[in-house]
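As the structure is a computational prediction, the values presented were derived from the model and not from experiment. In listed order, ligands and their atoms are each counted from 1.
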Amino acid sequence: MNLSLVRRGLLAAGAALILVGGLPPVALAQNKVPLRISTPAVPDDWHAKMWTVFKESLDKSAPGEFDVQINLNATLFKQGTEPAAMARGNLELATISAFDIAKLVPEFSIFTAGYIIRDPDHMQKVFNGPIGEQMFKPVSDKMDVTVLSTIYLGTRQVNLREVRNVKTPADLKGVKLRMPGSKEWLFLGEALGATATPLAFGEVYLGLKTGTIDGQDNPLPSVRAAKFYEVTKQLVLTGHLVDGIFLSIANKTWNALTPAQKQKVKAAAVAAAQYNNENRIKEEGQLVDFFKQQGLQVATPDVDAFRKHVQGVYLASEYAKVWPQGILERINATK
Ligand code: KDO
């Protein structure tokens, strides 16, 4: 095709659009607010799919206003580096873990401690009430991000390459348990009695397959979605952390939105959370059977022994020293 003809055609189309009072398509795309998202989640996991719910919600409530770009599998930013990317203005949205927050907001480490949040319902009540309000304030001040909704990642369980008789933390002695790579995560692994080994989520499957690690901990839906059950033989239902991640937006982006846009973005974040939370809770209730069918041994340890040990380790740690006074009691009293 003759290129100059094509160009002339495009110019004519652009001029026609301007004549009818519209803007050329390129300018329209430029006017959209870019919302870049980065997550380590694998496509088949609920907290990956929820971003499509987020996008669809905004496409419906604010057509043409936002350019939502979903990047899964940590392809845009490495796991745990999202808050820094948001602060630099290179990323607008992410799900941030309590462990990421605790690095900059030390008192938030209370939510990295095992056996504090009781269940998904307790989690929502804690974060959607006065405790959430109090604890998200320094997150905004120090990290320059606003939390829009609380995502239930699931209840973390221990998942081992080889079957072991695990009843108490002492039985995990010497087990190279993979944890995400930060000292707050490694502390949790050690508190469980294991030898915590840092590794990014995307490398866990291979680590389990080749034996560079003996196990990992994650909620059951992630064990399914990331196919860790293919390369492990046992699940030990420690239920050590009712884990939440926080759907957050960079303050620079948030503050530039109109009140109407803020309301729509918030509603999309709440819809995404609801989609994830409902599906994840439902699936958690069904997966033990699935894993058994896959040939995994599913063991129930002495959870009270784990709880007592893990809580003792945290309470005696440096972390507990910066927890706001009375917060543990308030969390426990939240019903
Ligand atoms: C993980 O690396 O084990 C973890 O579960 C940590 C979470 O905070 C979160 O980053 C999650 O991975 C990813 O979203 C992948 O599911």
Side-chain angles (χ1 to χ4, degrees), residues 37-51 54 70-86 91 93-104 108-109 111-114 117 123 127 139 143 145 147 149-160 176-189 192 194 196-208 213-229 231-232 235 238-248 272-273 276-277 279-280 283-284 287:
I37 295 156
S38 182
T39 170
V42 295
D44 200 23
D45 208 330
W46 300 109
H47 70 302
K49 293 196 238 183
M50 74 172 185
W51 285 114
F54 176 85
I70 306 170
N71 301 280
L72 307 178
N73 287 323
T75 46
L76 193 57
F77 289 102
K78 277 195 205 153
Q79 182 181 30
T81 65
E82 301 89 351
M86 288 164 94
L91 185 69
L93 284 145
T95 42
I96 301 179
S97 74
F99 297 79
D100 297 330
I101 297 175
K103 283 186 207 163
L104 292 151
F108 214 87
S109 65
F111 300 116
T112 69
I117 298 290
M123 166 176 279
F127 289 110
V139 176
M143 297 178 71
V145 303
V147 175
S149 60
T150 299
I151 312 296
Y152 173 57
L153 188 68
T155 301
R156 297 184 85 90
Q157 317 286 2
V158 169
N159 176 210
L160 300 175
K176 273 193 270 164
L177 187 69
R178 171 272 168 181
M179 303 301 288
S182 79
K183 77 173 180 17
E184 291 78 9
W185 276 111
L186 297 175
F187 191 85
L188 176 63
L192 286 168
T197 310
L199 203 63
F201 187 82
E203 290 161 36
V204 174
Y205 185 95
L206 202 61
L208 290 169
I213 48 173
D214 300 322
Q216 65 93 28
D217 86 307
N218 251 296
L220 299 185
S222 298
V223 174
R224 192 234 356 118
K227 297 195 165 34
F228 296 151
Y229 62 88
V231 283
T232 53
L235 279 162
T238 46
H240 52 275
L241 184 72
V242 177
D243 200 5
I245 46 177
F246 304 94
L247 197 164
S248 310
N276 168 85
N277 298 357
N279 282 298
R280 194 168 278 272
E283 199 191 21
E284 263 186 337
L287 276 174

Engineer: Report yes if some N/O of T39 lies less than 3.5 Å from some N/O of ligand 1; otherwise report no.
Structural biologist: no
Engineer: Indicate yes or no: does an N/O atom of D243 lie under 3.5 Å from an N/O atom of ligand 1?
Structural biologist: no
Engineer: With heavy atoms only and a cut-off of under 4.0 Å, state how R156 meets ligand 1: side chain, backbone, both or neither.
Structural biologist: side chain
Engineer: Measure from atom 3 (O) of ligand 1 to every heavy atom in R178, E203, Q79, H47 and give the option owning the shortest one.
Structural biologist: R178
Engineer: I need the atoms of ligand 1 closer than 4.0 Å to a non-hydrogen atom of P40, numbered in the order shown.
Structural biologist: 10 (O), 13 (C), 14 (O)
Engineer: Check each atom of ligand 1 against the heavy atoms of L153 and keep those under 4.0 Å away; list them by number with element.
Structural biologist: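 Contacts of ligand 1 toward L153, numbered from 1: 5 (O), 7 (C).
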Engineer: Which of the atoms of ligand 1 are close to P180, meaning less than 4.0 Å from one of its heavy atoms?
Structural biologist: 1 (C), 2 (O), 3 (O)
Engineer: Inspect the surroundings of NZ in K103 and state if more than 12 heavy atoms from other residues, nucleotides or ligands are less than 6.0 Å away.
Structural biologist: yes
Engineer: Applying a 4.0 Å heavy-atom criterion (strictly less than), which segment of W185 is in contact with ligand 1: side chain, backbone, both, or neither?
Structural biologist: side chain
Engineer: Between D45 and S222, is there a side-chain donor-acceptor contact under 3.5 Å, judged purely by atom types and distance?
Structural biologist: yes
Engineer: May I ask you to list the atoms of ligand 1 that are less than 4.0 angstrom from any heavy atom of S97?
Structural biologist: 8 (O)
Engineer: Just checking F246 against F108, ring centres under 6.0 Å apart?
Structural biologist: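 Close enough - the centres of the two rings lie under 6.0 Å apart.
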Engineer: A side-chain contact here means heavy atoms from C-beta on lying under 4.5 Å apart; do M86 and I96 qualify?
Structural biologist: yes
Engineer: Please report which non-hydrogen protein atom sits nearest to atom 5 (O) of ligand 1, along with the residue it belongs to and the distance in Å to one decimal place.
Structural biologist: N218 OD1, 2.7 Å
Engineer: What's the shortest heavy-atom distance between A273 and S149, and which atoms?
Structural biologist: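 So the two residues come closest at CB-OG, 3.7 Å.
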Engineer: Return yes if some donor-acceptor pair links the side-chain N/O of E284 with the main-chain N/O of T155 below 3.5 Å, else return no.
Structural biologist: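 Yes, the answer is positive, given that a donor and an acceptor are paired below the 3.5 Å cut-off.
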Engineer: Less than 4.5 Å apart, side chain to side chain, heavy atoms only: is that true for S248 and E82?
Structural biologist: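 Answer no - side chains too far apart.
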Engineer: Heavy atoms, side chains only, cut-off 4.5 Å: are L247 and W51 in contact?
Structural biologist: yes
Engineer: At a 4.0 Å threshold, what atoms of ligand 1 neighbour a non-hydrogen atom of F201?
Structural biologist: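 Within the 4.0 Å cut-off of F201, ligand 1 contributes 1 (C), 2 (O), 3 (O), 12 (O), 15 (C), 16 (O).
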